[in-house]
J.: 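Below is one structure. I have some questions about it.
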Amino acid sequence: MKIAILSRNRNLYSTRRLIESAEARGHEVAVLDPLRCYMNINAKEPEIHMRGKVLSDFDAVIPRIGASITFYGTAVLRQFEMMGTYPLNESVAISRSRDKLRSLQLLSRKGIGLPVTGFASKPTDIPDLIDMVGGAPLVIKLLEGTQGIGVVLAETRKAAESVIEAFMGLNAHFMVQEYIKEAGGADLRCFVIGDKVIAAMKRQAKPGEFRSNLHRGGSATLVKLSPAERATAVKAAKTMGLNVAGVDLLRSNHGPLVMEVNSSPGLEGIETATEKDVAGQIISFIEKTAKSHKTRTKGKG
Ligand code: ADP
């Protein structure tokens, strides 16, 4: 197969591993920087160009689109979909997952466990907003944040009020969430491919920190998931319409709660912690699904 990887940097661990695995299985791979792709949008023959040349004949495309270029990157991916190229994850599903609030609304509609979450815009609604999520301590999250930046634990009601007022004053979008204390500064990253969790790790925050992000100094270890955790992760990925997803769960005393569904989950942490060939499994999934061309939207929506 001829596979395109949409990635800004071929030296990133995840991109390198995908190239390696695809080539080891006899595929031809091209890494395309989405920002270098430009498009001819027309009714007869949609095209993608790069450095004066037309890109064509790709059988599959693996999107590795960073959060900062979601808009442009998903437009390029959509163009591939319109040209009939099989996308590992579809552009609509990626756009959906990048909107944290929209994602939680979709997951809640399917009855998937979530931390109780509130969203408001007016300072007069702050007291009720805080009560809604069970009072302090609570977590305040900027919707635009990634890698734990913009995630704040407010330990008292006073602190919560001040931070919320400040964010509202800056016109920032944020949500307020019940703090799952019993998670003990740990979360579970479940790597879903198709309808299976193929690898999972537990990330533990460093002492004195509640955010378990590896970028924030958290450490990762292999973990065995319960059947309920597996089922929740798979259902969450399916609800978002993602074939490949990193589903982050918190272990609460009322079962697994989904925090986030990531559409471009990194491979380094999970492959290191689990010693599994996750990249190889992604390529093998593409081999199975690209042929039957099971793309739902073909760039629609
Ligand atoms: P980001 O997308 O920026 O990583 P997250 O929503 O995943 O933000 O939050 C970062 C980390 O903070 C999580 O990995 C988790 O360890 C911790 N965390 C987030 N929300 C909660 C919560 N409601 N209760 C307890 N811990 C939380």
Side-chain angles (χ1 to χ4, degrees), residues 1 3-31 59-67 73 77 86-90 93-94 97 146-147 186-204 212-215 218-227 229-238 240-249 256 258-291 294:
M1 277 199 291
I3 301 175
I5 301 178
L6 284 184
S7 166
R8 294 222 60 206
N9 183 351
R10 60 164 56 242
N11 298 317
L12 295 174
Y13 178 94
S14 302
T15 310
R16 272 195 286 119
R17 287 283 299 123
L18 289 165
I19 301 170
E20 227 170 72
S21 306
E23 287 180 346
R25 289 160 177 267
H27 303 297
E28 194 187 320
V29 185
V31 178
D59 301 296
V61 52
I62 303 178
R64 300 283 320 170
I65 296 165
L77 181 60
Y86 171 80
L88 177 62
N89 276 333
E90 292 181 25
I94 295 174
S97 73
T146 59
Q147 300 175 350
D187 75 349
L188 307 175
R189 162 56 62 93
C190 311
F191 204 104
V192 178
I193 301 183
D195 52 11
K196 281 201 191 78
V197 177
I198 59 106
M201 63 178 169
K202 179 174 176 175
R203 296 178 299 196
Q204 179 70 52
S212 56
N213 304 69
L214 301 184
H215 289 95
S219 57
T221 49
L222 192 66
V223 70
K224 191 160 166 40
L225 299 181
S226 70
E229 287 161 352
R230 283 181 183 278
T232 301
V234 170
K235 192 170 175 188
K238 193 154 267 98
M240 302 307 297
L242 293 166
N243 289 320
V244 169
V247 181
D248 295 340
L249 300 180
V258 175
M259 241 181 341
E260 199 173 18
V261 184
N262 196 311
S263 57
S264 278
L267 302 186
E268 188 167 12
I270 195 88
E271 286 196 336
T272 310
T274 63
E275 294 182 359
K276 286 197 174 148
D277 177 11
V278 176
Q281 296 205 46
I282 290 177
I283 304 299
S284 132
F285 176 82
I286 293 175
E287 288 164 356
K288 279 187 233 124
T289 47
K291 278 192 214 86
K294 283 195 229 140

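The residues of the chain are indexed from 1 along the displayed sequence.
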J.: Rounded to the nearest 0.5 Å, how far apart are OG of S21 and CZ of R16?
T.: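 If we round to the nearest 0.5 Å, S21:OG and R16:CZ are 11.5 Å apart.
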J.: Give the C-alpha distance, both sets of side-chain angles, the deciding distance and a yes or no for side-chain contact (heavy atoms from CB on, under 4.5 Å) between R8 and R64.
T.: CA-CA 8 Å; R8 294 222 60 206; R64 300 283 320 170; over 6 Å; no
J.: According to the salt bridge (charged side-chain N to carboxylate O under 4.0 Å, His left out) rule, which pairs have a member within residues 269-286, sequence neighbours left out?
T.: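 Passing the test, one end in residues 269-286: R17-E271, R17-D277.
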J.: Would you name the heavy atoms of V29 and A22 that are closest together and state the gap between them?
T.: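 Shortest heavy-atom separation between V29 and A22 comes out as CG2-CB, 3.4 Å.
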J.: Could you go through residues 188-199 and list every donor-acceptor pair under 3.5 Å that involves a side-chain atom there, pairing it with any protein atom two or more places apart or in another chain?
T.:
| residue | atom | partner | partner atom | Å |
| --- | --- | --- | --- | --- |
| R189 | NE | D248 | OD1 | 2.6 |
| R189 | NH2 | D248 | OD1 | 3.3 |
| R189 | NH2 | D248 | OD2 | 3.4 |

J.: Walk me through whether I286 and M1 qualify under side-chain contact (heavy atoms from CB on, under 4.5 Å).
T.: CA-CA 10 Å; I286 293 175; M1 277 199 291; 3.7 Å; yes
J.: Is there a side-chain contact (heavy atoms from CB on, under 4.5 Å) between S212 and Q204? Walk through the geometry before answering.
T.: CA-CA 5 Å; S212 56; Q204 179 70 52; 5.9 Å; no
J.: For a side-chain contact (heavy atoms from CB on, under 4.5 Å) check, start with the C-alpha distance between H27 and I283, then their side-chain angles and the critical distance, and finish with the verdict.
T.: CA-CA 9 Å; H27 303 297; I283 304 299; 3.7 Å; yes
J.: Atom OH of Y86 and atom CG of D59: how far apart are they, to the nearest 0.5 Å?
T.: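 Here the rounded value is 12.5 Å.
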J.: Does CD belonging to E28 count more than 12 external heavy atoms closer than 6.0 Å?
T.: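 At most 12 heavy atoms, drawn from other residues, nucleotides or ligands, come within 6.0 Å of this atom.
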J.: So, for M259 and D187, which heavy atoms are closest and what is the spacing to 0.1 Å?
T.: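 So the two residues come closest at CE-OD2, 3.4 Å.
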J.: Do the side-chain N and O atoms of S263 and N89 include a donor-acceptor pair separated by under 3.5 angstrom?
T.: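 Short answer, no.
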J.: Ignoring hydrogens, what is the shortest heavy-atom contact between S14 and L267? Give both atom names and the distance.
T.: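 In this case the closest contact between S14 and L267 is OG-N, 3.0 Å.
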J.: Looking at CD1 of I19 and CZ of R10, how far apart are the two atoms once the value is rounded to the nearest 0.5 Å?
T.: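 Here the interatomic distance stands at 4.5 Å.
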J.: Search all heavy atoms of T274 against all heavy atoms of A200 and return the closest pair with its distance.
T.: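 Residues T274 and A200, closest heavy atoms: CG2-O, 3.4 Å.
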J.: Would you indicate whether the side-chain heavy atoms of R25 and S284 approach each other to under 4.5 Å?
T.: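 Of all side-chain heavy-atom pairs linking R25 with S284, at least one is under 4.5 Å.
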J.: Any heavy-atom pair between the side chains of L242 and N262 that's under 4.5 Å?
T.: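 No, their side chains stay 4.5 Å or more apart.
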J.: Between OG1 of T232 and CG of L225, what distance do you get to the nearest 0.5 Å?
T.: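 Between T232 OG1 and L225 CG, I get 10.0 Å after rounding to 0.5 Å.
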J.: Minimum heavy-atom separation for L12 and S7, please, with both atom names.
T.: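 Answer, listing the atom of L12 first, then S7: CD1-OG, 4.4 Å.
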J.: Is there a side-chain contact between I3 and I62, using heavy atoms and a 4.5 Å cut-off?
T.: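 Yes, at least one pair of side-chain atoms sits under 4.5 Å.
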J.: Less than 4.5 Å apart, side chain to side chain, heavy atoms only: is that true for T272 and I270?
T.: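 No; the side chains remain at least 4.5 Å from each other.
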J.: Report yes if some heavy atom in the side chain of T15 is under 4.5 Å from a heavy atom in the side chain of V31; otherwise report no.
T.: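 When only atoms from C-beta onward are counted, V31 and T15 do touch, with a gap below 4.5 Å.
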J.: Taking the side chain as every heavy atom from C-beta outward, state whether T289 and N243 have any pair of such atoms under 4.5 Å apart.
T.: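 No, every pair of side-chain atoms sits at 4.5 Å or beyond.
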J.: So which atom in M240 and which in S97 form the shortest heavy-atom distance, rounded to 0.1 Å?
T.: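 Looks like CE-CA, 3.5 Å.
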J.: Does E229 use its side chain to pair, donor to acceptor, with the backbone of S226 at less than 3.5 Å?
T.: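 Such a contact is found between E229 side chain and S226 backbone.
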